[in-house]
Protein chains: 2
Amino acid sequence: MDPLDGKVIGCLLHNARATFAEIGAEVGLSAPAVKRRVDRLVASGAIRGFTALIDPDVLGWQTEAYVELYCKGTVAPEELRRSLERVPEVVGAATVSGTADALVHMLASDVKQLERALERIRDEPNVDHTRSVIVLSRLIDRPRT
Amino acid sequence: MDPLDGKVIGCLLHNARATFAEIGAEVGLSAPAVKRRVDRLVASGAIRGFTALIDPDVLGWQTEAYVELYCKGTVAPEELRRSLERVPEVVGAATVSGTADALVHMLASDVKQLERALERIRDEPNVDHTRSVIVLSRLIDRPRT
DNA sequence: GATGAAATTGCCTTGGG
DNA sequence: CCCAAGGCAATTTCATC
C-alpha cells in the first residue's frame, strides 16, 4: 500500500461509482493504471467491496439496539461469529474487553422484529444472557473515512 | 419506493459498482429504466451516496472502542451531537435507553490516539464521565442490508 | 437504436532492485 | 537482467438521449 493506493481508496470512499478516469485525474494516474490498482486492492482484500449508503428511514428499519452478550464459559470468537451471522438483524458484532463477551449491533424494522431476533440469539447454546439498550436517536453515523 | 426500488437498492448495497445492465438483469428492467430509478433515488436522498468497504487494518486504524457517555443533568441530543462531531475519531453515536445517555463508537490508530480523543470528549462541559470497552476482535461488520 | 464515454486488454517503455 | 508499474491505443461494453 503506497501513498497512491491511499489516495485511490480515499476517492472510492468518497464516491464508489467514480470512473477510473476521474480517480486518475485526482491522483495523477491514467485510467488503466487506476483500474489495475483497484483490481489489485480488491484481490488482496484491502477493498472488501462497494456499497450504497441508504437513508435508514427509507428501508423502514428504524429500530436499533446495542446488545451485550454474555456467554457460558469460554467461547471462541469464530464460533460466536458463526452463531451471529445467521441472524440478519445483526449488522455488527465484536468481542470486547470488560464483563461482557461481545457487543452486538442490531437493526430491525420494529421492536417486535428486534425481539424475535434477540430470541434467536438467546437460543444459541453458548449464549447465557443478553443486556440490550435501544437507540433513541442516532447522532452521528460517519462512513469510515 | 415500490418493490422494484427495494430490489435496485439491494443490488447496489451488494455491489455499488454494478452496471445498470447488471442491475436490470437482477430486477427485470432495462438499463435505462434502472438508471432513471437510481437517479431518482439519489435525488430524493434515499441513496445518500456510494462508498468502498475497506479492511480497517489497511487504514491502520485498528483500535476500536464503544464508549458509554454519562452527562450532567439533561442534555439535548442536538447539543450532544455538536460536541461529538468535532472529534474525528467518533464514527458513530446515538442516544440510548438505560442508564447511559449515549453510546459512542470510536476508531483510532492506536490506544494513545484513542485516549487523547476520549480526553477531548470528557472535557466537554456537559459530559460527566465515560465508560469504555475496547474491541478485541470484530466478528461481523455488515453494510446495512 | 445510435452516439459518445468508459472499461478493458495487449503491447511497449521505463525505472529500481 | 528482470520485474513491477505506467502510458498509449484499439476493442468491447456501457451510458445516455
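Protein chains get the first letters and strands the later ones, always in sequence-line order, with residue 1 at the start of each. Hydrogens, waters and symmetry mates play no part in the numbers below; they use all other heavy atoms, side chains included.
As rounded to whole Å, 14 Å separates atom C1' of D:dC3 from atom CZ of A:R40. Rounded to whole Å, the distance from CG on A:D39 to P on C:dA7 is 11 Å.
The cationic atom of B:R17 (NZ for Lys, CZ for Arg) lies less than 6.0 Å from the six-membered ring centre of A:F20 and within 45° of the ring axis.
Near DNA chain D, defined here as any heavy-atom distance below 4.0 Å, the residues from residues 14-38 of chain A are A:L29, A:S30, A:P32, A:A33, A:R36, A:R37, listed numerically.
Atom CD of A:E26 has 12 or fewer heavy atoms from other residues, nucleotides or ligands within 6.0 Å.
Inter-residue side-chain proximity for A:E68 and A:T130 is flagged as unmet; no heavy-atom pair is nearer than 4.5 Å. Using a 4.5 Å cut-off on side-chain heavy atoms (C-beta onward), B:V87 and B:I121 make contact. When side chains are defined from C-beta on, A:V67 does not count as touching A:L103, because their heavy atoms never get closer than 4.5 Å.
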